[in-house]
Amino acid sequence: MVAWLSAPETVTAMTAGLYARIYRLVCTVPRGQVATYGQLGAVVGCSARQVGYAMAAVTDVRVPWHRVINSRGAISTRSDGKPDTRQRELLEGEAVVFGPAGCVDLATFGWNGPDWDWLVANGLEPPQILDSD
DNA sequence: CTGATGACGAGCG
DNA sequence: CCGCTCGCCATCA
């Protein structure tokens, strides 16, 4: 499952750490659902910016990057200042509905987060487990 | 090491 | 709801 690091020699060491976790997490987002940058960042322990930065660096086609949108439920613009139309097409192909404002209803299509088993399997402590006493 | 850069997010008017 | 500012922090020159 590390095929996206097919050329580690041409990639800086960082991609093997944070980016790999982000990509692996994105791969767990089921079809027909969407996750936000901040949500993913909260799981892997980084800011939403880093998640967006990681998505920009995705090259592996197996990573469902199109299921990652911003907190408003809209598709973030690329460096061009325009949203990637391909992303919307892919999501609509998974029965994800866009509202009149070009936004997805996160209450309906929002991802609930990774399973506990996934977190443990990836060596991540479940977030927000504040058992007082 | 220093400074600039972003597929972001929360606030504010 | 819309546009703008500021904080965020890994990455890059």
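Note that the coordinates shown come from a computational prediction; the quantities given were computed from them, not determined experimentally. Chain identifiers are assigned alphabetically (A, B, ...) following the order of the sequence lines, protein sequences preceding nucleic acid strands; residue numbering begins at 1 within each chain.
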> Locate the shortest heavy-atom distance separating A:Ser76 from A:Tyr37; write the atom from each residue and the value.
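Closest approach of A:Ser76 to A:Tyr37, heavy atoms only: OG-CE1, 3.5 Å.
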> Tell whether A:Gln50 reaches the base of B:dG6 with its side chain through a donor-acceptor pair below 3.5 angstrom.
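Counting by modelled atom types and ignoring angles, a donor-acceptor contact under 3.5 Å is found here.
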> Over how many whole Å does the gap from A:Leu40 atom CG to B:dA7 atom C1' extend?
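Distance, rounded to whole Å: 12 Å.
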> Which whole-number value in Å describes the distance from A:Ile22 CD1 to C:dT11 C1'?
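Distance check: A:Ile22 CD1 to C:dT11 C1' gives 12 Å.
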> Within residues 66-75 of chain A, which residues have any heavy atom lying less than 4.0 Å from an atom of DNA chain B?
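Within this stretch, A:Asn70, A:Ser71 sit under 4.0 Å of the strand.
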> Measure from the side-chain heavy atoms of A:Ala48 and tell me the nearest of B:dA7, C:dA10, B:dG9.
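The listed nucleotide nearest to A:Ala48's side chain is B:dG9.
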> Test of understanding: with side chain to side chain contact (heavy atoms under 4.5 Å, CB included), list the residues that count as partners of A:Thr28, not counting sequence neighbours.
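Listed in chain order: A:Leu25, A:Trp111, A:Trp118.
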> Which residues pass the side chain to side chain contact (heavy atoms under 4.5 Å, CB included) test with A:Arg88, sequence neighbours left out?
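Side chain to side chain contact (heavy atoms under 4.5 Å, CB included) list for A:Arg88, sorted by chain: A:Ile75, A:Glu92, A:Phe98.
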> Rounded to the Å, how far apart are A:Arg78 CZ and B:dA7 C1'?
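Taking CZ of A:Arg78 and C1' of B:dA7, I get 9 Å after rounding.
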> Hey, any chance A:Val58 and A:Val43 share a hydrophobic cluster, counting ILVMFWY side chains that come within less than 4.5 Å of each other, even indirectly?
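Both belong to a single hydrophobic cluster.
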> May I ask you to list the residues of residues 88-99 of chain A, by number, that have any heavy atom positioned under 4.0 Å from an atom of DNA chain B?
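Result for residues 88-99 of chain A: none.
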> Over all strands shown, is A:Tyr53 touching base, sugar-phosphate only, or nothing at heavy-atom distances under 4.0 angstrom?
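Touches sugar-phosphate only.
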> Any side chain to side chain donor-acceptor pair (under 3.5 Å) involving residues 95-105 of chain A? Give me the pairs, sequence neighbours left out, ordered by first then second residue.
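Every side chain to side chain donor-acceptor pair (under 3.5 Å) pair that includes a residue of residues 95-105 of chain A, provided the two are not neighbours, is A:Asp105-A:Thr108.
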> Return the minimal non-hydrogen interatomic distance between A:Ile22 and A:Ala54, and the atom names on each side.
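Minimum heavy-atom contact is CD1-CB, 3.7 Å.
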> Write down the distance between OH (A:Tyr19) and C1' (C:dC9), rounded to a whole number of angstrom.
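Answer to the nearest Å: 11 Å.
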> Which pair of non-hydrogen atoms, one from A:Gly113 and one from A:Gln39, has the smallest distance, and what is that distance?
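Answer, listing the atom of A:Gly113 first, then A:Gln39: N-NE2, 3.8 Å.
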> Examine the side chains of A:His66 and A:Glu89 and answer whether a donor and an acceptor come within less than 3.5 Å of each other.
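No, no side-chain donor-acceptor pair sits under 3.5 Å.
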> Roughly how many Å is it from CD in A:Gln39 to C1' in B:dA7, rounded to a whole number?
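Value for this atom pair: 16 Å.
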> Using the test side chain to side chain contact (heavy atoms under 4.5 Å, CB included), find all partners of A:Tyr53 that sit at least two apart in sequence or belong to another chain.
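Partners of A:Tyr53 under the side chain to side chain contact (heavy atoms under 4.5 Å, CB included) test: A:Tyr19.
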